[in-house]
2 protein chains.
Amino acid sequence: MVRAGLTVERVTLAGAELADEAGFAQVTMAQVARRLGVRDASLYAHVRNLEDLRGRIALLAADEKTLLIAEATTGRAGKDALVAYANAWRAYAHAHPGRYTATQTPIPIDPALAAAAPGPRRAVELSYGMLRGYGLAEPDLTDAVRLLRSTFHGFVALEAAGSFAHARPPEDTWSRALDALHVLLEHWPTSRAGDSS
Amino acid sequence: MVRAGLTVERVTLAGAELADEAGFAQVTMAQVARRLGVRDASLYAHVRNLEDLRGRIALLAADEKTLLIAEATTGRAGKDALVAYANAWRAYAHAHPGRYTATQTPIPIDPALAAAAPGPRRAVELSYGMLRGYGLAEPDLTDAVRLLRSTFHGFVALEAAGSFAHARPPEDTWSRALDALHVLLEHWPTSRAGDSS
DNA sequence: GTTCTAGCCTAGGGCCCCTAGGAATGCTCA
DNA sequence: TGAGCATTCCTAGGGGCCCTAGGCTAGAAC
């Protein structure tokens, strides 16, 4: 009998690949085990249970996404940084749909595991760094980061759900939206709402 | 033996209530049947299968959400309409989290069923009507609608996922974001990107 | 009152999650 | 080299869920 040589990392990766190919909902102990040529009971030596496995996939995806964004935005500022950040975000969601939904699905993740992951902290740094060129101060900085992240996530989520199935290509809307957000950041209503209508 | 008096509507409603209380992932034939005091096999007389039931919940939720937005925005224009639309959206997501995730989850819905639902058409009308005061023309109108819907959905999704768990209350960010979007719609970069940095 | 149409039932197969306990593998160390 | 040992992977099995097949009964139609 040849051992399969499983580790937590290999199991998690197999789950991530399965998520991208068949959807995150199809990530199941039995399916992952089949993909690894192993019985499902064997996975419990490496992963606590299904929820644990899904949480690890979510953490892996968050780290990968953050890393891609970091690579895309280094050395850029202003609108260049905004566009690079946004495009890297959307590209990851397109390239790894299952992993991406894993990051979104609210899973109770093991705190110790989450603390060891470098993703979240790095993601916050990147978000704030991207906006450095626009001259915003707290709390506007936090609000702007949240608005941008909301828009990026919402766009790819609606795109994945097929809400943009009409005539105009999503790509066109996407680039126009980035233009608009850039303008917004330059005209950010700092002290009180600019209510001119 | 007393009959339970099931109908498609009652089964769908029970599923929707269960979704709000326990999460959309917990909407299962067995759970819904238990809630109705019935065996799971009995539900198949009213609903084709689990996927069909979930699709009906999604459609119900979409209709309810659209109705609330319609009530909130009638008679309003400009920023008033924008704020009313956005607040109704977020309020529905908060009041019915399970139903709301049902609308987001990409479920293959029976086309005949979807065609009979008034929600989608009405939702499109409302979105475009809300922007009537900003003087946008196509394709900017479509892009603006998509941007707004992306932001609204992304915000409540990240909120539900616990991404805004830090110091600043989400409410504050939300109202500032609406101010910012209002400014954005007034400064919408119509012809070519306003690239002034 | 009989017949017919439903609504609801039990029975059962297949898949999945997870635990318990056994066998084989490959490392450590005398 | 070979015994001991931790780890890896296995089979067996219980419980839950989805769904189909087929039977029984309540209420409507005649």
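Quick note on labels: first sequence line is chain A, next is B, and so on, each numbered from 1.
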Spacing of [X] atom [atom1] relative to [N] atom [atom2], expressed in whole Å:
X: Leu53(A); N: dC16(C); atom1: CG; atom2: C1'; value: 14 Å
X: Asp40(B); N: dA21(D); atom1: CG; atom2: P; value: 15 Å
X: Asn49(A); N: dC16(C); atom1: CG; atom2: P; value: 17 Å
X: Leu6(A); N: dC10(D); atom1: CG; atom2: P; value: 8 Å
X: Leu43(A); N: dT7(D); atom1: CG; atom2: C1'; value: 15 Å
X: Arg39(A); N: dC17(C); atom1: CZ; atom2: P; value: 15 Å
X: Tyr44(A); N: dC9(D); atom1: OH; atom2: P; value: 15 Å
X: Leu36(B); N: dG7(C); atom1: CG; atom2: C1'; value: 13 Å

Closest to the [X] side chain: [options]?
X: Met29(B); options: dC10(D), dT10(C), dC18(D); answer: dC18(D)
X: Arg34(A); options: dT8(D), dC16(C), dC18(D); answer: dC16(C)
X: Thr28(A); options: dC18(D), dC10(D), dC16(C); answer: dC16(C)
X: Ala41(B); options: dA21(D), dC8(C), dT11(D); answer: dA21(D)
X: Ser42(A); options: dT19(C), dT20(D), dC9(D); answer: dC9(D)
X: Leu50(B); options: dC9(C), dC19(D), dT8(D); answer: dC19(D)

Donor-acceptor side-chain pairing of Tyr85(A) and Arg149(A) below 3.5 angstrom: yes
Is the phosphate of dC9(D) approached by His46(A) (side-chain N or O, under 4.0 Å from OP1 or OP2)?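 Result: yes.
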Thr7(B) side chain to Arg10(B) main-chain N or O, any donor-acceptor pair under 3.5 Å? yes
Just say parallel, tilted or perpendicular for the rings of His187(A) and His187(B), cut-offs at 30° and 60°. parallel
Taking NZ, NE, NH1 and NH2 as the nitrogens, is one of them in Glu125(B) or Arg122(B) under 4.0 Å from a carboxylate oxygen of the other? yes
Which part of the nucleic acid, if any, lies within contact of Ala45(A), taking any heavy atom under 4.0 Å across all strands shown: a base, the sugar-phosphate backbone alone, or nothing? nothing
Below 6.0 angstrom between ring centroids: does that apply to Tyr100(B) and His94(B)? no
